[in-house]
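So the structure is just underneath, and the comments pick up after that.
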Amino acid sequence: MSDAVLNRWQTRTVIVGAIAAVLSIIGAFINHAQFFQSYLFAWLFWLGLSLGALVVVMMQNLTGGWWGLAVRNLCFAAIMTLPLLIVLFVPLLFGLHDIYAWSNGIPLGVHKRAYLNVPFFIGRAVFYFAVLLVFAFALRRRLAEYPIALSAGGLISYVLCMNFASTDWVMSLDPEWYSTVFVIVFMAGQFLAALSLTTALACAFADTHTVPAKAFHDLGNMLLAFVIFWIYVAFSQLLIIWSGNLPKEISWYLPRSSGGWQWLALTVVVGEFLLPFFLLLSREAKRTPRRLAQISVCILVINVLNNFWLIAPSFHRQFFVHWLDVTELIAIGGFWFALFCYLLKQRPLIAPELLEVKRHG
Amino acid sequence: MNGNLHGIMAEFAQPEQLLAATRAAYQAGYRKMDAYTPYAVEGVAEALGFTHTKVPLITLLGGITGALTAYGMQWYSAVVDYPLNVGGRPLHSWPAFIPITFELTVLFAAIAGLIGMLWLNGLPKPYHPVFNAPQFKLASQTRFFLCIEARDHVFNADEVRQFLREQNPISVVEVEK
């Protein structure tokens, strides 16, 4: 993509984002509880793209090889949107009482009270962001070196941060509920979001004459592996809770499998696992950028619905989409994409290392 | 024509020569041929016209069979043959059936893939005529062989011999069945 194209998209996405933001702010005055509930969903989805991209790059640094080179620079741009997302976390703090029941003084055990309270919640978030930012900027500074120790440390820190962050931001929507595998489901979702977006963009905009088909094949295989991994961990959580059938554990699934939400769950399973799984089995599909782009877009769109299914049923017993869910997703997305386009201009779309590989056969 | 002829085989010193000869043979219209090399030579399989294999399809069919077998077996035993009330759950408790279904899918797919690969390769094969060629033991050491087989529909022993000689080989020999 040339700079002119990126400039054009940057302007467009800023305008779309600004319009959606104005609508969302109007909506905040009409229904402020809904505003914050939709905001959590929208923010978490876009955060997932940045953090998933961080994992893709650090994993590629660790494993070596050239499987990730086609999306490396796209991922770098996604990582560097992290400061924007951290700034966008601040509005959430004004709506904690509308989102988290535990912040309203409902009865909790002593130990839970020590963890789930507003000051500590904010303190932890600051800590996660500080850690993630340090690694994001350190990676950027040593971009060309494929730093192994930094990436290993970064991945470990990311998992530890997400372990608590997924508890704070999502699991605590139902303060009675806990699941130790949830963090892995959460991280697999982030990874899928980032990999599917960057794969779709690489397929759509890379010059297919210079990028070897093997590069797309590798990305397709990675997507295949991760849709399987995601359903594997998501299903293990369901199976264990379903088998145990204990009131505190099933409280997460009851609202998410009734009142119309079960159809959303089914859509997510079909769209983020069954369909991509069978399509990605084909070698031809993985080597044809057009087909791979379509599959990636499918995974990405369903990933949005998956995030929605995680958050929204905590607030609505019956299936319900508020217009704020849409406008806030577009508002944050518009600004996110504008920054993403701006950052993409700093480096070539496809890492030059990949073209080296092609030249040397 | 000699009815006891398996094919005519050329011996090459370099992989590039083998690759060029294979491409030329494919161009000349020969299809029933095979290359024998000490290590995998990039591009030879494609040059032989070997672009598609049925192994993925066999693996897929094995996987589907495994999934249906596992789910069907569990459904039949839990719902039809020996219904048992486990903690008040429905007889057809699909979440509990998934792990076995997953395992048998993988198992059947892997076994079908392995057996399918061996079957399509014609293995196990205790006897193969190419070992009658005197120099053939070098195929696992330093030499590269191309054998155009007599069952090819445009095979003509004299033409093939002539064709292979033009490919700059070390030797050209007839391989007896």
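Order of the sequence lines sets the chain letters (A, B, ...), proteins ahead of strands, with each chain counted from 1.
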### Task
Sequence neighbours left out, what passes side chain to side chain donor-acceptor pair (under 3.5 Å) with D174(A)? Give chain and number order.
S251(A)
Please tabulate the donor-acceptor pairs under 3.5 angstrom that span chain A and chain B, backbone and side chains included.
residue, atom, partner, partner atom, Å
S243(A), O, R89(B), NH2, 2.3

### Query
CG/L223(A) to CG/L292(A) distance, rounded to the nearest 0.5 angstrom?
6.5 Å
### Message
Does either side chain, that of T267(A) or that of W263(A), offer a donor lying less than 3.5 Å from an acceptor on the other one?
### Response
no
### Heavy-atom pair of closest approach, residues P276(A) and V227(A)
CB-CG1, 4.4 Å
### Query
Hey, is CZ on F320(A) packed in by over 12 heavy atoms from elsewhere, all under 6.0 Å?
yes
### Query
Any donor-acceptor pair under 3.5 Å linking the side chain of N303(A) with the backbone of G189(A)?
yes
